Protein chains: 2
Amino acid sequence: MSTVGKALSLLNLVASLSEDTGLSEIARLAALDKATARRLLVDLEAHDFIEQDKATKRYRIGAAPVRLARIREARFPFLRTAIPVVKALNEETEETCHLSEFSGHELWTVHVETSPRANRVIVDVGSCYPLHATASGLALLAFLPEESREAFLAQPLKAFTPHTVTDPEALRARINETRARGTSVSRNGLEPGVISTAAPVLSADGLPVGTISIAAPEVRVDDARLAELNSAAQAAASRLSAALYGLDIRQKR
Amino acid sequence: MSTVGKALSLLNLVASLSEDTGLSEIARLAALDKATARRLLVDLEAHDFIEQDKATKRYRIGAAPVRLARIREARFPFLRTAIPVVKALNEETEETCHLSEFSGHELWTVHVETSPRANRVIVDVGSCYPLHATASGLALLAFLPEESREAFLAQPLKAFTPHTVTDPEALRARINETRARGTSVSRNGLEPGVISTAAPVLSADGLPVGTISIAAPEVRVDDARLAELNSAAQAAASRLSAALYGLDIRQKR
DNA sequence: CCTTATCGGTTCATTATGTGAACCTTCATT
DNA sequence: AATGAAGGTTCACATAATGAACCGATAAGG
């Protein structure tokens, strides 16, 4: 792997740690030599992607991404466009809604609007869940090019609950359903008692750039309600695709 | 220079270009070989820091910084904390106020609240002005460690108007005044007819992380008004330092 | 008070990685 | 058909990355 690749992976790793972390632990987590990890951290720090607490000597994510993100958002206002859509979906459904973005072969939660109900599902911004165990993941997989999908299915897949589907053949069936219907459903895939539904946000070339999804406690969702949530998620995702990239490609077919 | 350093500088460069740019031009601007530039771009693209338009083959900043920025801001809410302060200053003074952040040896404009007046100063988010020609730059230099300041003053300094101070000795005098008073003033340093004043935002260790500044058409600013703006900027910066890092260090002295 | 085990950080011989002149293909212009 | 400039690729060579061993500091345990 290229040195730059290692540095960026390391940056990702440090960003994913929820508190300042020491050199040795970072090196261990990244499976890099301590000297190598340090050199990369120093390089990243010189450009403010990482910062080191002078007192504790521990490392954390720096300020440079914020500056770059402003530039990116000024040109491609993904969040600025997407957040109102997610908010509206949240108000309409009164369930936890979240927006995920596909970046670096993974699906990252970039915005969450939490349900106003007492019994609700909590999703963390910044989290990154396995594609096969979530509704968002299925929605994404369904619209990914065949080869990317198969590459994913070829990996060993972990089960998170007794309900997690890990068999590639069974997953293919669910993915095909998802593609036909336009929305995915996951019951207890990642956490027991949670049902979620998701629809892909598609770019101008028809490839998914992310997903919008709704997660609710299973007790509130009967079949009729599930159909409602499905079409709400679908509508929100289509609206967002259209806002970002012009007419939704699915409507052109 | 390390390969990682080159990659990050290249990323910075691409981010600073206001439109999609081809490989050859990027290589030229970065003073890198075309093959090297491409390898770095590919590495950056693999992690979504850069993206390439499939149709035009041109490169632009990618989505990864947005994801990292959300994580950073969740932990260190610089903008979330700072923007209300800048807004309040703008409402109080009715002049254009902006927040700059010191990152990578440069001072970047990260937020602007524009004056409601017809005759007003416009400052662009994302811009990066020379330290010696702006009030913000002087405020920053005044509170930087001696060696960083001297390293900056040792460079050749460009004059932007006949009023731009470029003599290191004269600048030192103005910097010392600034440090003594706590705020800097720049008359016509960068653009004729503009007067601006700035105060540093200081972190817990007393080093500047950025500045808050006010820019106004000279015709509206007599000595009394200047004193008002000075103390308003100073108060805003102190409030922000306190909000971000606890008690303002200057008040402890 | 010495031993042991961490920690962050550094060194330097070895080696893998990055480099760039020259090359290829494509495409628009002359 | 010739030209030039684009994006992209190749490979002998040079440089920069690597990591085992090291240092000094700090903390816990006997």
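Please read all numbers here as calculations on a predicted model, not as lab measurements.
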Under 3.5 Å: donor-acceptor pair, side chain of T211(A), backbone of A198(A): no

Any donor-acceptor pair under 3.5 Å from S127(A) side chain to T109(A) backbone: no

Straight-line distance of [X] [atom1] to [Y] [atom2], nearest 0.5 Å:
X	Y	atom1	atom2	value
F76(B)	T81(B)	CZ	OG1	11.5 Å
K57(A)	D20(A)	NZ	CG	14.0 Å
I71(B)	W108(A)	CD1	CH2	6.0 Å

Dump every N/O contact between nucleotides 19-22 of chain C and the protein below 3.5 Å, one line per pair.
| from | atom 1 | to | atom 2 | distance (Å) |
| --- | --- | --- | --- | --- |
| dT19(C) | OP1 | K6(B) | NZ | 2.5 |
| dT19(C) | OP2 | R39(B) | NH1 | 3.3 |
| dG20(C) | OP2 | T36(B) | OG1 | 3.3 |

With sequence neighbours excluded, tell me which residues meet salt bridge (Lys or Arg N to Asp or Glu O under 4.0 Å) with K158(A). none

Name all residues meeting the salt bridge (Lys or Arg N to Asp or Glu O under 4.0 Å) criterion together with E51(B); count only those two or more places apart in sequence or in a different chain, and write none if there are none. R72(A), R60(B)

Applying side chain to side chain donor-acceptor pair (under 3.5 Å), can you list everything that pairs with [X], at least two apart in sequence or on another chain?
X	value
R58(A)	none
R28(B)	none
Q52(A)	Y59(A)
S213(B)	H98(B)

Does a side-chain N or O of R38(A) approach OP1 or OP2 of dC7(C) to a distance below 4.0 Å, or not? no

According to the side chain to side chain donor-acceptor pair (under 3.5 Å) rule, which pairs have a member within residues 131-150 of chain B, sequence neighbours left out? E150(B)-R172(B)

Donor-acceptor pairs under 3.5 angstrom involving side-chain atoms of residues 1-14 of chain B: please list them, not counting sequence neighbours.
| from | atom 1 | to | atom 2 | distance (Å) |
| --- | --- | --- | --- | --- |
| S2(B) | OG | D43(A) | OD1 | 3.4 |
| S2(B) | OG | D43(A) | OD2 | 3.0 |
| S2(B) | OG | G5(B) | N | 2.9 |
| S9(B) | OG | G5(B) | O | 3.0 |
| N12(B) | OD1 | R67(A) | NH1 | 3.0 |
| N12(B) | OD1 | R67(A) | NH2 | 3.4 |

Scan nucleotides 25-30 of chain C nucleotide by nucleotide, 5' to 3', and note B when protein non-hydrogen atoms come under 4.0 Å of the base, S if they reach only the sugar-phosphate, - if neither. ------

Bounded by its outermost nucleotides with an atom under 4.0 Å from a heavy atom of chain B, the footprint on DNA chain D reads dA6(D) to dA17(D)

Any base atoms under 4.0 Å from Q52(B), or only sugar-phosphate, or nothing? Heavy atoms, all strands. sugar-phosphate

Output the rounded distance in Å from NZ (K54(A)) to P (dG9(C)). 13 Å

Rounded off to whole Å, could you give me the CG-to-P distance for the L8(B) and dG18(C) pair? 14 Å

Taking five pairs at each terminus, the helix from dC1(C)-dG30(D) to dT30(C)-dA1(D) shows an axis bend, to 10°, of 30°

Assert: residue with more 5' nearest nucleotide on DNA chain C, out of V4(A) and L23(A), is L23(A)

DNA chain C nearest-nucleotide lookup for R28(A) and D43(B): closer to the 5′ end is R28(A)

